[in-house]
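Order of appearance sets the numbers: ligands from 1, and atoms from 1 within every ligand. Any value given below was found using the heavy atoms of this structure, including those in side chains, with hydrogens, waters and symmetry copies removed.
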Amino acid sequence: MRVLVSGGAGFIGSHLCDRLLADRHEVVALDNLSTGRAENLQHLRGCRSFRLLIHDVCEPFKECRGFDAVFSLASPASPKDYLDRPIETLLAGSVGTRNMLEVARKDAAVFVQASTSESYGDPLVHPQPETYWGNVNPVGPRAVYDESKRFAEALTMAYHDRYGLETRLARLFNTYGPRMKADDGRVLPGFLVQALRGEPLTVFGDGLQTRSFCYVSDTIEGLMRLAVSSEPSPVNIGSPREVTVLELARKVQRLAETECGILRLPLPQDDPRRRQPDIGKARRVLDWEPQVSLDDGLRKALDWFRTALG
Ligand code: UDP
């Protein structure tokens, strides 16, 4: 197959390109390198089935055609990155998604939209099933990301309903692994890098808020299975293993064998209190669930950052 990946130089996008190439597909990656990095794809230089085009998804894409599948991943994704780029984030999810949907429509390609657990906002239902509509503050700081992804979901469904486009919606929960930016502000890699540098780990608020972390190879497997399924409605892809931020800090300290302490910092506004996917649908429809345990994933990520930091 010939596959287009927008946001292909990003953390998840670059792993997706690797997987598609390993499965012998031809891949064109689009990225404006706003938060993505060409070095994430450096190892693919010279690969004849792969091309990286520096392109902003907010501009119509007409350079090449004939795609069988389009993966739409282009967006700032960490709170620090999207808060630094509020308008750009809203445009990536709206105009950018539309431009990628148009490519898929013209080629009658399968369209896979990367959505997010942020669609649920600060959830009042726990764990979160796909049927939960969410609790998003539409004018809060996180809205630029949450609403952009919710709009992207709505637009994707509209293309499905209006044009009969084969569409998929993946609600990705916190994903981690190699190639995350050391300074992207997320808790992982933040803790991993701090531990490796012997600095105190920065815990926001009381640290009792929870997240559920999925290792990137599991996320990619979920995306691939979703692409070849025939499920147009949203599917959660994430780990059901829920941890508090404080537990995560202790785990990282233990794995990194570091004595560094903990530095308490204020909790950002509208920080979701609890987050855990209900993955019953992914199990049922995709026969998918994460395979990498949190300890194993953290070890792999720690090893990668140790090398990356030199
Ligand atoms: N967090 C933290 N210390 C950090 C960065 C984040 O305690 O250095 C907390 C943050 O407040 C949130 C959780 O870790 O409750 C996950 O934050 P992240 O930015 O990784 O992703 P989110 O799930 O909020 O998008």
Considering only distance and modelled atom types, tabulate donor-acceptor pairs under 3.5 Å from the side chains of residues 301-310, sequence neighbours left out.
residue : atom : partner : partner atom : Å
D303    : OD1  : R306    : NH1          : 3.1
T307    : OG1  : D303    : O            : 3.1

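- Under the side-chain contact (heavy atoms from CB on, under 4.5 Å) rule, R171 has a single partner from E118, K281, E153, which is E153.
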Would you mind writing out a table of all protein N or O atoms found under 3.5 Å from any N or O atom of ligand 1, naming both atoms and giving the distance to 0.1 Å?
residue  : atom   : partner : partner atom : Å
ligand 1 : 3 (N)  : T202    : O            : 2.6
ligand 1 : 7 (O)  : F204    : N            : 2.8
ligand 1 : 8 (O)  : T202    : O            : 3.3
ligand 1 : 8 (O)  : T202    : OG1          : 2.9
ligand 1 : 11 (O) : D271    : OD2          : 2.7
ligand 1 : 15 (O) : Q209    : NE2          : 3.1
ligand 1 : 15 (O) : R211    : NH2          : 3.3
ligand 1 : 15 (O) : D271    : OD1          : 2.6
ligand 1 : 15 (O) : D271    : OD2          : 3.4
ligand 1 : 20 (O) : V187    : N            : 2.8
ligand 1 : 23 (O) : N174    : ND2          : 2.9
ligand 1 : 23 (O) : R211    : NE           : 2.7
ligand 1 : 23 (O) : R275    : NH1          : 2.7
ligand 1 : 24 (O) : R142    : NH2          : 2.9
ligand 1 : 24 (O) : R211    : NH2          : 3.1
ligand 1 : 25 (O) : R142    : NH2          : 3.2

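- Within the 4.5 Å cutoff, the side chain of L4 has no heavy atoms near those of the F71 side chain.
- Residues that satisfy the salt bridge (charged side-chain N to carboxylate O under 4.0 Å, His left out) test with R105, not counting sequence neighbours, are E102.
- Grouped with V228 in a hydrophobic cluster is no other residue, since no side-chain heavy-atom contact under 4.5 Å to another Ile, Leu, Val, Met, Phe, Trp or Tyr is found.
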Could you walk me through whether E221 and R19 pass the salt bridge (Lys or Arg N to Asp or Glu O under 4.0 Å) check? CA-CA 9 Å; E221 179 65 29; R19 170 62 187 270; 2.7 Å; yes
